[in-house]
Amino acid sequence: MNASFRIQRFDPEQDKKPHYQTFEVEVDETDRVLDGLNKIKWYQDGSLTYRRSCAHGICGSDAMRINGANALACKVLMKDVGNKLTVEPMLGFGIIKDLVVDMEPFFNDYRSVLPFLINEEPPPDGRERRQSIEDRERYDDTTKCILCASCTGSCPSYWANDRYVGPAAIVNAHRFIFDSRDRATEERLDIMNEKGGVWRCRTIFNCTLACPRGIEVTRAIGEVKEGILHSRTTP
Ligand code: SF4
Ligand code: F3S
Ligand code: FES
């Protein structure tokens, strides 16, 4: 099929503001949007700039706005978006070039929630910290995050206030808050209770709809909110 890609372009060395450019490209219905972008870059305009790596929905690098909704370009099939599509960088982040946004604020927010296991106690048997199947299940959903930023880049609360850490950071806080082996739950709940934490979430659900890993993001945020309330009311 012939597809018309309307792509937002911005070259900081030449442009004062972004503009759109349309490319016609021959693709198969079962091609991904990423395949179309690659054909444009490889055969029509090598200056077209976007991130991608694995091309299989694992690395999280090619999140962008496709027909107005954040998605991974390597997971969206052409037959599902039709032969006229608009491709833009995610909202809420500074644009570096074309579809590439500045992810540094996103990763600063991620780092702020201490996204690693904290436990100074030696493992009980001297080798490993065992966990029951039920305890592992408790945070299984939030282990699936690939840090693509689709959720954070689709959250109106994040667009409105860049002090909000955003849903992806909370998902990764959740992953450790509910890990029975971790000992920094209270510290993380304190971080989540700060001004830029979970209370900025207005339960809009865009994040859940945008997540390419099917993580129940809004539910995870709700569980962290409950965790804060519970820890503040339980002696
Ligand atoms: Fe991406 Fe989902 Fe992780 Fe958000 S929660 S960064 S949408 S994988
Ligand atoms: Fe934003 Fe998701 Fe909350 S879209 S407001 S983080 S439910
Ligand atoms: Fe890795 Fe799409 S290129 S997730």
Side-chain angles (χ1 to χ4, degrees), residues 59-60 63 90 92-93 101-208 210-235:
C59 72
M90 286 190 287
F93 306 109
V101 294
D102 180 7
M103 296 285 279
E104 208 42 46
F106 174 82
F107 282 110
N108 284 339
D109 288 330
Y110 168 66
R111 286 187 279 265
S112 77
V113 306
L114 313 176
F116 40 83
L117 191 86
I118 299 176
N119 189 338
E120 301 295 327
E121 302 158 15
D125 66 358
R127 290 192 311 146
E128 59 184 334
R129 302 176 205 283
R130 295 192 176 205
Q131 199 166 40
S132 68
I133 290 171
E134 293 72 28
D135 283 350
R136 174 62 180 75
E137 190 62 34
R138 179 68 190 82
Y139 61 94
D140 186 66
D141 197 33
T142 47
T143 63
K144 297 174 193 155
C145 178
I146 54 172
L147 295 171
C148 68
S150 285
C151 55
T152 299
S154 66
C155 172
S157 293
Y158 185 80
W159 301 337
N161 188 326
D162 63 6
R163 286 188 58 201
Y164 175 34
V165 293
I170 302 172
V171 160
N172 285 279
H174 178 286
R175 183 253 170 270
F176 290 99
I177 286 169
F178 295 101
D179 186 333
S180 60
R181 302 165 301 175
D182 191 87
R183 294 292 175 267
T185 295
E186 286 305 316
E187 202 179 332
R188 275 194 211 88
L189 290 177
D190 283 345
I191 295 167
M192 291 286 93
N193 198 27
E194 285 171 5
K195 267 191 174 169
V198 283
W199 307 113
R200 293 259 175 218
C201 167
R202 301 290 192 259
T203 328
I204 296 169
F205 272 91
N206 282 10
C207 51
T208 302
C211 181
R213 303 285 292 164
I215 297 170
E216 293 186 72
V217 180
T218 312
R219 179 192 175 119
I221 297 170
E223 289 179 356
V224 174
K225 287 176 178 173
E226 278 172 25
I228 294 170
L229 295 174
H230 189 257
S231 79
R232 287 348 179 228
T233 51
T234 311

- Can you tell me if CZ on R183 sees more than 12 non-hydrogen neighbours from other groups inside 6.0 Å? yes
- Message: I want to check something: taking the side chain as every heavy atom from C-beta on, are R138 and S180 in contact at a cut-off of under 4.5 Å?
- Response: no
- Message: Any non-hydrogen side-chain atom of H174 less than 4.5 Å from a side-chain atom of D141?
- Response: no
- Query: Between R219 and E223, is any pair of side-chain heavy atoms under 4.5 Å apart?
  - Reply: yes
- Is there side-chain contact between T143 and R136, with at least one heavy-atom pair below 4.5 Å? yes
Please table the atom pairs, donor to acceptor, closer than 3.5 Å between any side-chain atom in residues 110-118 and protein atoms at least two apart or in another chain.
residue: R111; atom: NH2; partner: E104; partner atom: OE2; Å: 2.7
residue: R111; atom: NH2; partner: N108; partner atom: OD1; Å: 2.8
residue: S112; atom: OG; partner: D109; partner atom: O; Å: 2.7

- Message: Minimum heavy-atom separation for W199 and N193, please, with both atom names.
- Response: NE1-OD1, 2.7 Å
- Item | Closest contact, heavy atoms only, C211 versus V217 | CB-CG2, 4.1 Å
- Message: With a 4.5 Å cut-off on side-chain heavy atoms, are C201 and K225 touching?
- Response: yes
- With the side chain counted from C-beta on, respond yes when D135 and R181 share a heavy-atom pair under 4.5 Å apart, and no when they do not. no
Can you list, pair by pair, the side-chain donor-acceptor contacts under 3.5 Å of residues 155-170, counting residues two or more places apart and other chains?
residue: S157; atom: OG; partner: R200; partner atom: O; Å: 3.1
residue: W159; atom: NE1; partner: G153; partner atom: O; Å: 3.0
residue: N161; atom: OD1; partner: R163; partner atom: N; Å: 2.8

- Message: Tell me whether R175 forms a cation-pi arrangement with F178, defined as NZ or CZ under 6.0 Å from the six-membered ring centre and within 45 degrees of its axis.
- Response: no
